[in-house]
K.L.:
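Before anything else, here's the structure in question.
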2 protein chains.
Amino acid sequence: MKSVTVYDIAKEANVSVATVSRVLNNTAPVKKETRDRINELINKYQFQPNALARSLTKKETGMIGIILPDITNPFFPEVLSGFDQEARKQGYTYFLCDTVSANGDSADQYIRESQYLNALTEKQVDGIVMLGGRIDLAKPGRELAEEVVEIGKRLPLLLINGRLPGSILNRVAVDERLGAELATRHLIELGHRDIAIVGGYRHMSNTLQRTSAFTKTMEQHGIPVRKEWILHEGFSVASGTDFINRLLSLPQRPTAIFCLNDLVAIGALKAAAKAGLKVPEDISIVGYDDIPFASNSIPELTTVSLRANELGRTAAEILHKMITKDKVAKTTLLKPELVVRESTATPAGKR
Amino acid sequence: MKSVTVYDIAKEANVSVATVSRVLNNTAPVKKETRDRINELINKYQFQPNALARSLTKKETGMIGIILPDITNPFFPEVLSGFDQEARKQGYTYFLCDTVSANGDSADQYIRESQYLNALTEKQVDGIVMLGGRIDLAKPGRELAEEVVEIGKRLPLLLINGRLPGSILNRVAVDERLGAELATRHLIELGHRDIAIVGGYRHMSNTLQRTSAFTKTMEQHGIPVRKEWILHEGFSVASGTDFINRLLSLPQRPTAIFCLNDLVAIGALKAAAKAGLKVPEDISIVGYDDIPFASNSIPELTTVSLRANELGRTAAEILHKMITKDKVAKTTLLKPELVVRESTATPAGKR
DNA sequence: ATGAAAGCGCTAACAT
DNA sequence: ATGTTAGCGCTTTCAT
């Protein structure tokens, strides 16, 4: 099926392709009469200009790419949704690049990131947003970092909630330390002193930052932090139940648990229920992220909201500015918010 | 920043662009010596062929589009994830087109669908997958349907879990009637006779089909269906709690509730808890979709699995076949599965 | 095995 | 206000 081109339209309208292009893009005045004639033909043939050809000459595609770890993790659809809103508003259409690897191997994930980075630049996207993966590493390998930085030099590249040490890449992020501080202080103010912190990965900078802020906040209140109540290595529901089971088997049990994401908190909720513990009466649980389900669990989860939607929206906004060469701050820091719901309360001993 | 092209490579290698193209695409034998020389240059300059230019001549882009209603609804990320897996395997990169409208107005959604349909064809995608929106309508308007059908004539277009009456469009779907039958029979076999069915929208074909299958199954077992226990108009958590509250205020209460999606079921779970009812002891609840959270609620939700991941994967497979002009069945029907967890049990009266 | 040149469909000077 | 033409960067006959 041969598709119709500007030439076909031009010929039938007895004008040159330039004129057709002019009415298409409204880029120069065209006599109403001929414009009408052309528009009629466009309608008649349902003519759609070939965006590839257009982009080839204009050197802009209106396409952007977003690389993220796993759309199946409920945090990301929220971010993506905000991103989508704003990107759409600016007229972009975007490639979704999910880097999840079937076997959970993170080396695979980084390879995938590289592949997508490549595919996206070949496709001449106007900009790229990255989220998770290597940019969340506490110390990413030199090559891993360099590759991204290199691409960041050739086109607008924005990191969400991550960084590449020493690089000049733009980023937008939610203040990790503040988030952890909010959660910790909430627990302390409720009267807790025996607080565990679980979830995350020791090799990820977010985990490190949050844990460090947690420790600092505890110390500021003169509360000791127990090593055996710090359990990392996991961001899943399953690891959440595992963490709590380990905690419960300890001679000394905490009265509150700060989970480094909501998935872990949900796992904790489940495990607590199975163990016959009531939340928050017997134990308080606070999550992190405020995924949609956090407000639908029983009890509803007290958590730290990363305002994911806004984060995504902001990212798209900034990327757009970068593309249009507007000035943007190198780092945009969003403030997280504590959302107090039902899973936290004053510890039993203090009521 | 001027980017390097085949010409630059060709010149420096003392060959013609044709030769460079040959080694790039491995499309004709090239003397090892010159091939090496070219590859070296490619490496040296980190040369990346411009995919736009390539696509312009090859008339294939390796890009596809997926149009869906709302990535924030946890069912869709599951589908998308399966789709992603397979699409990636086939070397496609895809545009995500989310048609959610801020104000929840479905007219807006259809407009958005049209816009994306247009944008995607202009961008010369190799194929399109549609999900939700107008294709879920029991009777879509003529224009709405025609537009899609028209596009389906020009390029591979596949519908997931939907249809356009009388059209010749390919589709892959999960058997709606079977799903509803599975859920209903499960409840009946448990001993329930007082069963309500809630959720969905009367103008959507899935709601109609499921409700009809529910009714039929009930009748086959000689169980009357009560009109006041059929509550449509909502797929959200909030509508779920609303449905159940209405049900509980009735003089006659059902002993089991079949919710047309998991979100509604979760709302029902919440409302039941607030009303002091124990699930499943006091009332049984079954959902539909098997979203990830269904296995994380307390109690865990008995539900009908649409095998979303597989659905997405299958869609990508079929679309690929359509693109490569392989033969494909017009309709591919997947079988849903009942997943029995904790939210259903024998009714109190029969224990 | 390699080169020359046409063409993919459009936009953007530059003319008129 | 409109036409001519030269690209954009690549692939692909057709020659050699």
K.L.:
Could you check how far CZ of A:Arg35 sits from C1' of D:dT2, rounded to whole Å?
P.N.:
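Going from CZ in A:Arg35 over to C1' in D:dT2 covers 13 Å.
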K.L.:
To the nearest angstrom, how far is B:Asp8 atom CG from D:dC8 atom P?
P.N.:
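The distance from CG of B:Asp8 to P of D:dC8 comes to 11 Å, rounded to the nearest Å.
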K.L.:
Please report the distance, rounded to the nearest Å, between CG in A:Asn50 and C1' in C:dC10.
P.N.:
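These atoms are roughly 8 Å apart.
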K.L.:
Heavy atoms from C-beta onward define the side chain here; which of C:dG9, D:dG3, C:dT2 lies closest to that of A:Ser3?
P.N.:
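Of the options given, the side chain of A:Ser3 lies nearest C:dG9.
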K.L.:
Take atom NZ of B:Lys11 and atom C1' of C:dT2, then tell me their distance rounded to the nearest Å.
P.N.:
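Going from NZ in B:Lys11 over to C1' in C:dT2 covers 19 Å.
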K.L.:
Using whole Å, what does the distance between atom P of nucleotide C:dT11 and atom CD of A:Glu60 come to?
P.N.:
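Between P of C:dT11 and CD of A:Glu60: 11 Å.
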K.L.:
I need the OH-C1' distance between B:Tyr7 and D:dC10, as an integer number of Å.
P.N.:
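It works out to 8 Å between those atoms.
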K.L.:
How are the rings of B:Phe95 and A:Phe95 set relative to one another: parallel (under 30°), tilted (30 to 60°) or perpendicular (over 60°)?
P.N.:
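Ring orientation of B:Phe95 relative to A:Phe95: parallel.
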K.L.:
Rounded off to whole Å, could you give me the CD1-to-P distance for the B:Ile38 and C:dT2 pair?
P.N.:
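Nearest whole value for this atom pair: 8 Å.
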K.L.:
Counting only side-chain nitrogens and oxygens, does A:Thr34 get under 4.0 Å of the OP1 or OP2 atom of D:dA1?
P.N.:
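Answer is no, no contact under 4.0 Å.
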K.L.:
What pairs with B:Ser21 under side-chain contact (heavy atoms from CB on, under 4.5 Å), at least two apart in sequence or on another chain?
P.N.:
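In terms of side-chain contact (heavy atoms from CB on, under 4.5 Å), with neighbours along the sequence ignored, B:Ser21 is linked to B:Asn25.
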K.L.:
Base, sugar-phosphate, or nothing: which does A:Asn14 touch, judged by heavy atoms less than 4.0 Å apart?
P.N.:
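If one applies the 4.0 Å heavy-atom cut-off, A:Asn14 turns out to touch the sugar-phosphate alone, with no base involved.
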K.L.:
So which nucleotide from D:dC10, C:dG9, C:dC10 ends up closest to the side chain of B:Leu56?
P.N.:
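Of D:dC10, C:dG9, C:dC10, C:dG9 is nearest to the side chain of B:Leu56.
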K.L.:
Should B:Arg134 and B:Glu147 count as an ion pair when the cut-off is N to O under 4.0 Å?
P.N.:
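Looking at B:Arg134 and B:Glu147, the cut-off is met.
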K.L.:
Which part of the nucleic acid, if any, lies within reach of B:Val20 when heavy atoms closer than 4.0 Å are counted: base, sugar-phosphate only, or nothing?
P.N.:
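No contact at all - B:Val20 keeps every heavy atom at 4.0 Å or more from the nucleic acid.
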K.L.:
I'd like to know if B:Lys44 and B:Glu12 make a salt bridge, using a cut-off of under 4.0 Å between side-chain N and carboxylate O.
P.N.:
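Counted as a salt bridge, because a side-chain N and a carboxylate O are separated by less than 4.0 Å.
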K.L.:
So A:Leu311 and A:Val172, side chain to side chain contact (heavy atoms under 4.5 Å, CB included) or not? Walk me through it.
P.N.:
CA-CA 8 Å; A:Leu311 182 61; A:Val172 40; 3.8 Å; yes
K.L.:
Within a strict 4.5 Å, meaning less than it, do heavy atoms of the B:Arg88 and A:Tyr116 side chains meet?
P.N.:
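A side-chain contact under 4.5 Å exists here.
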K.L.:
B:Arg37 or A:Ala51: which one's nearest nucleotide on DNA chain C is closer to the 5' end?
P.N.:
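So the residue in question is B:Arg37.
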K.L.:
Within the supplied structure, the quantity of interest is the number of heavy atoms (other residues, nucleotides, ligands) at a distance under 6.0 Å from B:Lys330 NZ; does it exceed 12?
P.N.:
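More than 12 heavy atoms, drawn from other residues, nucleotides or ligands, come within 6.0 Å of this atom.
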K.L.:
Between the protein and nucleotides 12-16 of chain D, are there any N/O to N/O pairs under 3.5 Å, and if so, what are the atom names and distances?
P.N.:
none

K.L.:
Find the distance between OG1 (A:Thr121) and CD1 (A:Ile128) and round it off to the nearest 0.5 Å.
P.N.:
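The CD1 atom of A:Ile128 is 6.0 Å from OG1 of A:Thr121, to the nearest 0.5 Å.
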K.L.:
Salt-bridged, A:Glu40 to A:Arg37, with N to O below 4.0 Å?
P.N.:
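Salt bridge between A:Glu40 and A:Arg37, a charged N being under 4.0 Å from a carboxylate O: no.
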K.L.:
Which angle, rounded to 10°, do you find between the first-five-pair axis and the last-five-pair axis of the helix from C:dA1-D:dT16 to C:dT16-D:dA1?
P.N.:
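Terminal axis comparison yields 40°.
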K.L.:
To the nearest 0.5 angstrom, please state how far the CG atom of A:Asn39 sits from the CG atom of A:Asn43.
P.N.:
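If we round to the nearest 0.5 Å, A:Asn39:CG and A:Asn43:CG are 7.0 Å apart.
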K.L.:
Among the candidates D:dC8, D:dA1, C:dG9, find the nucleotide nearest to the side-chain atoms of A:Lys59.
P.N.:
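That would be D:dC8.
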K.L.:
Return the value, rounded to whole Å, for the distance between atom CG of A:Leu52 and atom C1' of C:dT11.
P.N.:
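Rounded to whole Å, this separation is 14 Å.
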